[in-house]
Protein chains: 2
Amino acid sequence: MNFPRVGPMIDESNSTGKVTGRRAALRHVTEEKIFIAAETVFAQAGFGGATMQLIANLSGIAKPNLHYYFGSKELLYRAVLQRIFRMWLRAAEVMDDASTPAEGIGGYIDAKMEISRLNPNASKVWANEVMHGASMIQDCFKDAFFEWTSARISVIERWVAEGKMLPVNARYLLYLVWASTQHYADFGHQITILNHDTPLSDVEWETAKRSVKELVLRGIGAELNY
Amino acid sequence: MNFPRVGPMIDESNSTGKVTGRRAALRHVTEEKIFIAAETVFAQAGFGGATMQLIANLSGIAKPNLHYYFGSKELLYRAVLQRIFRMWLRAAEVMDDASTPAEGIGGYIDAKMEISRLNPNASKVWANEVMHGASMIQDCFKDAFFEWTSARISVIERWVAEGKMLPVNARYLLYLVWASTQHYADFGHQITILNHDTPLSDVEWETAKRSVKELVLRGIGAELNY
DNA sequence: ACATGTTTTGATTAATTGGTCAATGAATTT
DNA sequence: AAATTCATTGACCAATTAATCAAAACATGT
């Protein structure tokens with residue numbers, strides 16, 4: 001395969017690795033605008049339903065310019081996925097620094113619920129990708145994803161070994177935490193319908209978060225102390 | 001709006017309400033083939049990414065015949081959604097007949113996990129629809145969905161009132177059960193990736209099911225007796 | 001000011017796709 | 001068996017869409 005070169009001939013071999021100057025700043029701003037718009041459109045319509053024209057309109061950038069920046073619809077989509085993956089990695093850092101399950105898993109649930117609240121589109125794009133075969137994930141960051149998950153499972157299994165929580169299956173616990181937190185992003189519309197067509201209020205978000213956290217921590221025998 | 005009439009002039013005013021005869025039987029078989037194919041294609045590609053041609057090929061039916069049977073892509077999609085909704089309604093009957101949370105919620109988790117295992121595509125189509133705005137659900141069965149959920153919440157709240165389980169928020173408990181069971185269908189590909197590119201075996205499914213059930217039941221203070 | 005490389009966009013294209021139609025085949029009724 | 005209604009399909013159309021291109025606008029270093 002012979003991909004066409006995309007974007008400017010930026011010299012990334014300088015000392016800082018950063019590109020500075022007016023032009024580079026503008027480029028960064030434009031890229032960010034495209035990311036936000038693309039995330040929204042991909043979340044609302046899926047990869048197949050999304051159109052470059054919609055992304056162009058929403059970002060206020062001419063359609064050919066999208067191709068200038070990202071080459072193709074698929075490459076743009078991959079870039080969006082990668083951004084999301086990086087955000088998720090950061091959210092799990094709480095678990096590594098924690099010494100108890102209540103702190104680690106509770107904090108992770110908090111972080112994930114916060115992402116669901118503030119970045120629902122990101123979660124939806126990911127969910128969409130996984131549902132439709134996860135082929136981009138396979139291609140791009142399968143290994144990183146696997147390693148990352150294995151490391152988190154080890155942390156949980158250590159807590160079990162240390163008797164800090166009940167001997168639950170760490171893998172399926174992780175899946176349950178992912179599912180029950182991301183649900184609030186991915187199924188936000190359903191939750192709104194069941195909430196009398198009103199998005200969850202701040203108070204309701206707090207209640208939901210506490211419900212998930214308490215149920216999970218009690219379920220693994222690592223109650224919070226109030 | 002003036003929708004074209006679709007399908008044959010079946011006389012449904014006879015005593016049984018059923019249509020019999022060779023033709024009606026063939027029609028039923030054809031409809032079923034279309035449903036299966038459509039569910040698969042919609043699950044794999046989403047509404048936007050699905051094409052009538054793909055559904056035609058997969059079902060072995062000429063494309064114009066799809067339109068003869070269902071009118072349009074959107075009407076076919078709605079019919080698929082409705083079929084899924086009916087299946088879900090049936091799964092919740094366990095809860096109504098149960099006298100204890102362990103029996104009711106445990107049985108519901110079993111039923112939902114079984115659906116995720118046997119009908120992953122159905123779950124994916126629903127998830128997809130909700131993620132992309134749930135507009136068809138709004139149009140078609142918003143009220144039915146709301147009523148159905150309210151009734152299940154009442155059942156749980158009665159158990160709480162009777163002291164059969166801890167005072168958890170019934171609504172968010174229901175969401176957690178939905179999320180953590182449907183996850184095994186919607187995120188099946190992700191689970192496979194993390195399982196060394198191997199779909200869950202029967203034993204692993206059993207373990208996953210038990211993990212979810214034990215964690216939830218312990219979390220709501222309604223342990224199973226072994 | 002000039003030359004050079006970068007960014008932007010209007011116009012266009014080739015390919016795809018939902019939907020239609022007229023003609024044919026098959027079942028059912030009279 | 002003739003007439004009627006239902007089912008099926010090849011060929012086609014109008015609309016959409018990802019991607020391209022050439023030319024214009026812009027920024028940067030000399």
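Naming convention: chains lettered A, B, ... in sequence-line order (proteins, then strands); numbering from 1 in each chain.
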Please check the phosphate of D/dA7 (OP1 and OP2 only) for any side-chain N or O of B/Arg27 closer than 4.0 Å. yes
Ranking C/dG18, D/dT8, C/dT8 by distance to the side chain of A/Tyr69, first place goes to C/dT8
**Q.** Electrostatic pair A/Glu204-B/Arg171, nearest N-O below 4.0 angstrom
**A.** no
A/Met52 atom CE is separated from C/dT16 atom C1', nearest whole Å, by 17 Å
- Query: Taking OP1 and OP2 of C/dT7, is either one under 4.0 Å from a side-chain nitrogen or oxygen of A/Tyr68?
  - Reply: yes
Hits for side-chain hydrogen bond (donor to acceptor under 3.5 Å, both in side chains) against B/Lys33, two or more places apart or cross-chain, chain-then-number order -> none
Rounded to whole Å, CD1 of A/Ile34 lies from C1' of C/dT7 at a distance of 11 Å
Sequence neighbours excluded, the answer for side-chain hydrogen bond (donor to acceptor under 3.5 Å, both in side chains) partners of A/Lys73 is none
Within residues 53-66 of chain B, those residues having any heavy atom closer than 4.0 Å to DNA chain D are B/Ala62, B/Pro64, B/Asn65
The nucleotide from C/dG18, D/dT8, D/dA7 with an atom nearest the side chain of B/Thr51 is C/dG18
Separation of C/dT12 atom C1' from A/His67 atom NE2, nearest Å, is 14 Å
For B/Tyr108, the side-chain hydrogen bond (donor to acceptor under 3.5 Å, both in side chains) test, sequence neighbours excluded, returns B/Trp178
Check: Can a salt bridge be assigned to the pair A/Arg27 and A/Glu31 using a cut-off of 4.0 Å between side-chain N and carboxylate O?
Finding: yes
Under a 3.5 Å cutoff, is there a donor and acceptor pairing between the side chains of A/Ser211 and B/Asn169? no
Polar atom pairs (N or O), protein with nucleotides 25-27 of chain C, under 3.5 Å:
{"residue": "C/dA27", "atom": "OP1", "partner": "B/Arg22", "partner atom": "NH2", "Å": "2.8"}
{"residue": "C/dA27", "atom": "N3", "partner": "B/Arg23", "partner atom": "NH2", "Å": "3.1"}

Residue pairs passing the salt bridge (charged side-chain N to carboxylate O under 4.0 Å, His left out) test with at least one member in residues 189-198 of chain B, sequence neighbours excluded, are A/Lys142-B/Asp197
From NZ of B/Lys73 across to P of D/dA15 the rounded distance in Å is 18 Å
Salt bridge present between A/Lys124 and A/Glu39 (N-O < 4.0 angstrom): no
Problem set entry | Between A/Glu114 and A/Trp205, a side-chain donor and acceptor under 3.5 Å | no
